[in-house]
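One structure is given below, encoded as structure tokens.
Hydrogens, waters and symmetry mates play no part in the numbers below; they use all other heavy atoms, side chains included.
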Amino acid sequence: MPAVMPMMKTLSGEIARTDGSLTRGQITFSDKIVEVHEGPASGNDYILPGFIDLQVNGSHGIDVMSADAAALRTLGEKLAREGTTSWLPTAVTAPMERIERVHGAISGAIAAARSDPAAARDSAAIVGMHLEGPFISARRLGAHPRLNLEPHGDEFERAAALRELKLVTLAPELPGALDAIRRLVGRGVAVSIGHTDATLEEARAGIGAGARMFTHLYNAMRPLGHRDPGVIAAALAKSDARPAIIPDGVHVHPEMLRLAYVARGMKGLIITSDKVALAGTGQETALEVGRARARIDRGAARLADGTLAGSVISMLDGVRVMVREVGVPIAEAAVMAAANPAAVGGFKDRGRLDPGTRADLIVLSRALELKAVFIAGRELR
């Protein structure tokens, strides 16, 4: 029986390219991008690669730390409706037994999607697991519980053995951290510097060992000082490690977002949501986040003492802040939200609108309203 050829589709408008430019023309695709043709276009919409969120703790009442495989797929469906087409479920600091259970759910969701692609076609693809802790500084826990560990010994070996592990946040100043970074990178796991009290020199040592990201720049890390520049100065300086930022206008003031953009440019920044289960639930909900219950308060999730416990934005919300409040061109913001996360995660088949890549793309109006989402070429209905 002959194979069924995927249906070809064409969209017309302003197409975001990986160099931060917009190409007016048409893009043709099936399950993969076939051609991008520059020329007259019938529409004025923006056509962007689907966003890749490297840090999702939860959304719409679903917490990654307690979700089973089916709930993770449901969470992925919620993300897809916001323009996110790939994501890393993120486990926070917890006993290793619980982290392994979370990994089991993530592995189950990935396996289910592989065995039955049709069942997962309306859901953002899970491309691995992000482990944010427990190998973090006791001085920069944020909302994490005090279960932090040094990155060596049996607990680290158990974490490093997790099959779907793709990204680990750790503090480079901890004993054994540099060796841990080298070992993780050696097995294809990206390392991000975060929840850290590192000095400038310690952060640079982490980059030298192979770290290639900073987790939520400015938040849960040693403050920037003119005599003690610390880890933030390392993140703002040119290097192979890109800082990820939470552009919700709460975690980081727009002027500090602008500083990061001026310092690192389009290719040097990553947009992430760092959203938690409270996102999409309404102002009156209270849910367990990290070490205590949290509510939405003043535009973000906060513990009772006011500690920030994650965002409630979508990736598209973050792109809008970068465009409207920071002045980043839309195509450059798309690089920060898709191509750069793909580069850090090693996801070579997505994150850009080039021939041969997976046809994950979104359509935005000129007012940056979401009009359409395509996952592997199929439009969500």
Test log, rule salt bridge (charged side-chain N to carboxylate O under 4.0 Å, His left out), inputs Glu100 and Arg98: CA-CA 5 Å; Glu100 289 170 335; Arg98 188 175 183 191; over 6 Å; no

hydrophobic_cluster_shared for [Y] and [X], side chain cutoff 4.5 Å:
{"X": "Met213", "Y": "Phe347", "result": "yes"}
{"X": "Ile362", "Y": "Val323", "result": "yes"}
{"X": "Val252", "Y": "Val250", "result": "no"}

Got a sec: does the [atom1] of [X] have more than 12 other heavy atoms crowding it under 6.0 Å?
{"X": "Arg139", "atom1": "CZ", "answer": "no"}
{"X": "Arg242", "atom1": "CZ", "answer": "yes"}
{"X": "Asp116", "atom1": "CG", "answer": "yes"}

Check the pair Leu88, Lys166 against side-chain contact (heavy atoms from CB on, under 4.5 Å), reporting the backbone distance first and the verdict last. CA-CA 8 Å; Leu88 290 182; Lys166 289 292 183 290; 4.2 Å; yes

Between Thr196, Asn148, Leu184, Leu149, which is the residue that forms a side-chain contact (heavy atoms from CB on, under 4.5 Å) with Leu170?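 The passing option is Leu184.
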
Apply the side-chain contact (heavy atoms from CB on, under 4.5 Å) test between His103 and each candidate in Leu131, Leu165, Leu162; give the one that qualifies. Leu162

Do the side chain of [X] and the main chain of [Y] share a donor and acceptor less than 3.5 angstrom apart?
{"X": "Lys238", "Y": "Ala263", "value": "yes"}
{"X": "Ser115", "Y": "Ala111", "value": "yes"}
{"X": "Arg302", "Y": "Asp297", "value": "yes"}
{"X": "Arg24", "Y": "Gly43", "value": "yes"}
{"X": "Thr357", "Y": "Leu353", "value": "no"}
{"X": "Asp248", "Y": "Ser273", "value": "no"}
{"X": "His60", "Y": "Leu75", "value": "no"}
{"X": "Thr281", "Y": "Leu278", "value": "yes"}

Is any side-chain N of the basic residue among [X] and [Y] closer than 4.0 Å to the acidic one's carboxylate O?
{"X": "Asp354", "Y": "Arg352", "answer": "yes"}
{"X": "Glu173", "Y": "Arg140", "answer": "no"}
{"X": "Glu201", "Y": "Arg204", "answer": "no"}
{"X": "Asp45", "Y": "Arg366", "answer": "no"}
{"X": "Lys32", "Y": "Asp349", "answer": "no"}
{"X": "Arg358", "Y": "Asp360", "answer": "yes"}
{"X": "Arg121", "Y": "Glu77", "answer": "no"}
{"X": "Asp228", "Y": "Arg222", "answer": "yes"}
{"X": "Glu82", "Y": "Lys275", "answer": "yes"}

Does the side chain of [X] pick up a donor-acceptor pair with the side chain of [Y] at under 3.5 Å?
{"X": "Asp53", "Y": "Thr84", "answer": "no"}
{"X": "Asp317", "Y": "Ser314", "answer": "yes"}
{"X": "Ser192", "Y": "Thr215", "answer": "yes"}

Chi angles and distances behind the side-chain contact (heavy atoms from CB on, under 4.5 Å) call for Leu236, Tyr218: CA-CA 10 Å; Leu236 294 176; Tyr218 303 119; 4.0 Å; yes

Quick one: pull up OG1 in Thr169 and CD1 in Ile136 and give me the separation to the nearest 0.5 Å. 8.5 Å

Assess whether salt bridge (charged side-chain N to carboxylate O under 4.0 Å, His left out) is satisfied between Arg158 and Glu97, documenting all intermediate values. CA-CA 9 Å; Arg158 289 168 66 179; Glu97 292 78 10; 3.6 Å; yes

Could you check whether His251 and His216 have their ring centres less than 6.0 Å apart? no

side-chain contact (heavy atoms from CB on, under 4.5 Å), that's the test. Do Glu38 and Gln26 meet it? Break it down for me. CA-CA 7 Å; Glu38 184 175 354; Gln26 296 81 39; over 6 Å; no

Below 30° counts as parallel, above 60° as perpendicular, anything between as tilted: where do the rings of Phe374 and Phe29 land?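 If you compare the ring of Phe374 with that of Phe29, the planes turn out perpendicular.
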
Any heavy-atom pair between the side chains of Phe214 and Val231 that's under 4.5 Å? yes

